[in-house]
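Keep in mind that this is a model prediction, so the values were computed, not measured.
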Amino acid sequence: MSPSPSGRLGLFWLLALALLAVVGSRESQLRIGKAINIFLRYGYLGISMRVIPMNDNVESERWIFKEPTKNIYRNLSSLAESHEDTTPGIFHGDFHMEFCDNRRQLFQAYFRDFTVERMDKPWEAFTGGWFPDTAAKKLGINTSFIQGDYSYVLVRVVRFRETGKLNADIPIEQQLEPEVRARMEQLKIGNLTSAVGFIESVGTHYVSSYTTGNSLFQVFVYSRKNFKMIKERIRSKGLNALSKLDLYNYFAPWFAEHLGQIRSASANATVERWARRKLQYEYYVVKYVTLLKLHGNSTLLRSLDTLLGNDAILQLDLKSLNVVFREHPEKESWFHEVLDNNMKLWELNMPQNHASR
């Protein structure tokens, strides 16, 4: 597949910018099979998907997914399945930590469960526009610790609520929505305007699976020396083999360079206040708040279960809309050429990809 000439890319770039403001009146829902246009928010998908604290003003309307979406197939519900975990008295989630050598790995760890087909680094669709101060605020740490020679441990407690997924491949004979079929037929090989028209009116990807719920997370910042020590100890012995004293020592203010704030993925102020009150740990005269207090504490986890609602997206798998062109391989190849070239273009232009920043 040959790369697009620079003239084609330039034209697409101008047209895409002109279309960014044209969101239209399409439905905005997180549902299986719905199509979205990632170029509307590429690098800033967190603006329209509640996946990480926004640090904005309190809103009267609660939402988890604002991106315009569109049905591409008729009667797709028979191929989709969803369920909710609502059994009382049981914490439907997990407690985990990830070791990150640098801030790029930290970003990757946070968005590990988000995939965008045909992207090598899907987390950059959410973090590509993050300057250091922006990243620090969202992750709950001081700006001085997002720059410099630091390593990180991301500790997270996740509460799953609703899960949806396709339970089978979309059959080739599945009937397309009339508008989608018309746009597919209008796409002409080598004609960039027709490709832009398809992307703007239909999208670039569709939702293959998702999980919603909420989470609490905390970032611990370490010097390289202490990070290596804790990483080797926990990975060789396992988290459960450590005593509570050892665990608290490794994640204490005297061992870590910095303890981040405990944040809720949805920026739920009620949950964050509960964490500051209930997760305080006292060691002699030192008091600090740590998410580690939840580890193995079934009482606190059950209490947290009642607070963590269905306010954030925890997992999202977006598949390319090549599925629409399966009967037209040459159109499929052209669509992918335009899609791939422009994803690479946006990646190169994201602020965090510049060495000076």
Notebook entry, point to check: Should the pair Arg50 and Trp63 be classed as cation-pi, given the thresholds of under 6.0 Å to the six-membered ring centre and 45° from the axis?
Noted result: yes

Note to self: In the structure I gave you, are the side-chain heavy atoms of Gln315 and Ser209 within less than 4.5 Å of one another anywhere?
What the structure shows: yes

Item checked: Rounded distance [0.5 Å steps], CG in Leu292 versus CG in Leu259 -> 9.0 Å

Margin query: Nearest 0.5 Å, please: how far is CZ in Arg302 from CG in Asn297?
Written below: 9.0 Å

Next item on the list: Without swapping roles, check the side chain of Asn142 against the backbone of Phe145 for a donor-acceptor pair under 3.5 Å.
Entry: no

Item checked: ILVMFWY network linking Leu314 to Leu318, side-chain heavy atoms under 4.5 angstrom -> no

Item checked: Phe227, Tyr250, Tyr288 screened by ring pair (Phe, Tyr, Trp, His ring centres under 6.0 Å) with Phe255, the one that passes -> Tyr250

Check: At what distance, to the nearest 0.5 angstrom, does CD of Glu124 lie from CE of Met119?
Finding: 6.5 Å

Check: Between Asn214 and Ser266, is any side-chain donor less than 3.5 angstrom from a side-chain acceptor?
Finding: yes

Next item on the list: Give a yes-or-no answer on whether the side chains of Asn322 and Glu332 include a donor-acceptor pair shorter than 3.5 Å.
Entry: yes

Margin query: Quick test of your reading of the model: are Arg233 and Asp246 salt-bridged, counting only N-O distances below 4.0 Å?
Written below: yes

Next item on the list: Apply the test side chain to side chain contact (heavy atoms under 4.5 Å, CB included) to residues Glu98 and Arg112: give CA-CA distance (whole Å), side-chain angles for both, the deciding distance (0.1 Å), then the verdict.
Entry: CA-CA 10 Å; Glu98 296 206 41; Arg112 189 172 304 285; 2.7 Å; yes

Next item on the list: Evaluate the side-chain proximity of Ser320 to His336: yes if any heavy-atom separation is below 4.5 Å, no if none is.
Entry: yes

Checklist line | Electrostatic pair Lys231:Asp101 at N-O distance under 4.0 angstrom | finding: yes

Item checked: Non-hydrogen atoms of Ala35 and Val202 that approach each other most closely -> CB-O, 3.5 Å

Item checked: Value rounded to 0.5 Å, distance of CG in Leu106 from CZ in Arg103 -> 10.0 Å

Item checked: Donor-acceptor contact below 3.5 Å, side chain Ser201 vs main chain Gly197 -> yes

Note to self: Check for me, please, whether Val286 and Val289 land in the same ILVMFWY cluster - side-chain distances under 4.5 Å, paths through other members count.
What the structure shows: yes

Next item on the list: Provide the closest heavy-atom pair for Met343 versus Glu117 in the form atom of the first, atom of the second, distance.
Entry: CE-O, 4.2 Å

Note to self: Using the rule given for ring pair (Phe, Tyr, Trp, His ring centres under 6.0 Å), can you reason through Phe220 versus Tyr152, listing the C-alpha separation, both sets of side-chain angles and the distance that settles it, and then say yes or no?
What the structure shows: CA-CA 6 Å; Phe220 295 79; Tyr152 310 89; over 10 Å; no

Note to self: Using a 3.5 Å distance criterion without hydrogens, assess whether the side chain of Arg183 forms a donor-acceptor pair with backbone atoms of Glu200.
What the structure shows: no

Notebook entry, point to check: Does the separation of the ring centres of Trp254 and Tyr283 fall below 6.0 angstrom?
Noted result: yes

Next item on the list: Might you confirm whether atom CD of Glu330 has over 12 heavy atoms from other residues, nucleotides or ligands at distances under 6.0 Å?
Entry: no

Next item on the list: Please name the pair of heavy atoms, one in Val338 and one in Asn342, separated by the smallest distance, quoted to 0.1 Å.
Entry: O-ND2, 2.7 Å

Check: Counting distance only, does the side-chain N/O of Arg326 pair as donor-acceptor with the main-chain N or O of Val323 below 3.5 Å?
Finding: yes

Notebook entry, point to check: Just wondering, do Arg31 and Thr69 contact through their side chains at under 4.5 Å, heavy atoms?
Noted result: no

Next item on the list: Look up atom NE2 in His295 and atom NE2 in His96, then write down how far apart they are to the nearest 0.5 Å.
Entry: 13.5 Å

Margin query: Under 6.0 Å between ring centres: does that hold for His92 and Phe160?
Written below: no

Next item on the list: Evaluate whether atom CG of Asn167 has more than 12 neighbouring non-hydrogen atoms of other residues, nucleotides or ligands under 6.0 angstrom away.
Entry: yes

Margin query: With a 4.5 Å cut-off on side-chain heavy atoms, are Leu154 and Met97 touching?
Written below: no

Item checked: Co-membership, hydrophobic cluster, residues Val271 and Val158, 4.5 Å side-chain -> no

Next item on the list: Output yes when a side-chain donor or acceptor of Arg161 lies under 3.5 Å from a complementary backbone atom of Leu308, and no otherwise.
Entry: yes

Notebook entry, point to check: Does any donor atom in the side chain of Ser48 or Glu67 lie under 3.5 Å from an acceptor atom in the other side chain?
Noted result: yes

Margin query: I'd like to know if the side chain of Gln174 and the backbone of Arg74 have a donor-acceptor N/O pair within less than 3.5 Å.
Written below: yes

Check: Are Tyr150 and Tyr222 close enough that their ring centres sit under 6.0 Å apart?
Finding: no

Notebook entry, point to check: Thr212 pairs by side chain to side chain donor-acceptor pair (under 3.5 Å) with which of Thr163, Asn310, Asp311?
Noted result: Asn310

Check: Are Ile32 and Tyr206 close enough that some pair of their side-chain heavy atoms sits under 4.5 Å apart?
Finding: no

Next item on the list: Any chance you could lay out the side chain to side chain contact (heavy atoms under 4.5 Å, CB included) test for Asp305 and Leu301, step after step, and finish with the verdict?
Entry: CA-CA 6 Å; Asp305 187 81; Leu301 285 172; over 6 Å; no

Notebook entry, point to check: Going through the checks in order, is the side chain to side chain donor-acceptor pair (under 3.5 Å) test met by Asp317 and Thr115?
Noted result: CA-CA 5 Å; Asp317 182 18; Thr115 60; 2.5 Å; yes

Next item on the list: Cation-pi check, Arg41 to Phe126: give yes when NZ or CZ is under 6.0 Å from the six-membered ring centre and within 45° of the ring axis, no otherwise.
Entry: no

Notebook entry, point to check: Do Arg156 and Ser215 meet the criterion of a side-chain donor-acceptor pair at a distance under 3.5 Å?
Noted result: no

Checklist line | Side chain Asn341, main chain Glu337, donor-acceptor under 3.5 Å | finding: yes

Check: Do you know which two heavy atoms are closest between Pro53 and Ser264, and how far apart they sit?
Finding: CG-O, 3.0 Å

Next item on the list: For the pair Asn102 (side chain) and Arg104 (backbone), establish whether a donor and an acceptor sit closer than 3.5 Å, ignoring hydrogens and angles.
Entry: yes

Note to self: A side-chain contact here means heavy atoms from C-beta on lying under 4.5 Å apart; do Leu321 and His205 qualify?
What the structure shows: no

Next item on the list: Would you mind reporting whether Val180 and Tyr73 have side-chain heavy atoms less than 4.5 Å apart?
Entry: no

Next item on the list: Kindly indicate, with the supporting measurements, whether the criterion side chain to side chain contact (heavy atoms under 4.5 Å, CB included) is fulfilled by Ile52 and Thr127.
Entry: CA-CA 10 Å; Ile52 198 166; Thr127 66; over 6 Å; no

Checklist line | Smallest separation among heavy atoms of Trp334 and Lys188, with atom names | finding: NE1-O, 3.3 Å

Margin query: Strictly distance-based, threshold 3.5 Å: is any side-chain N or O of Gln186 a donor or acceptor partner for the main-chain N or O of Ala195?
Written below: no

Margin query: Walk me through whether Ile262 and Phe217 qualify under side chain to side chain contact (heavy atoms under 4.5 Å, CB included).
Written below: CA-CA 6 Å; Ile262 295 179; Phe217 68 90; over 6 Å; no

Next item on the list: Flag the pair Glu177 and Lys70 as a salt bridge only when some basic side-chain nitrogen lies within less than 4.0 angstrom of an acidic carboxylate oxygen.
Entry: no

Check: Within a strict 4.5 Å, meaning less than it, do heavy atoms of the Leu216 and Phe95 side chains meet?
Finding: no

Next item on the list: Using atom types as modelled and distance alone, determine if a side-chain donor or acceptor of Gln261 lies under 3.5 Å from a backbone N or O of Arg276.
Entry: no

Check: Under 6.0 Å between ring centres, would you say that holds for Tyr281 and Tyr248?
Finding: yes

Note to self: Would a single hydrophobic cluster contain both Leu291 and Leu245, if residues Ile, Leu, Val, Met, Phe, Trp and Tyr are joined by side-chain heavy-atom contacts under 4.5 Å?
What the structure shows: yes

Checklist line | Closest approach of Leu45 to Ile38 (non-hydrogen atoms, all atoms of both residues) | finding: CD2-O, 4.1 Å

Notebook entry, point to check: Are Trp130 and Phe107 an aromatic pair by the rule of ring centers under 6.0 Å?
Noted result: yes

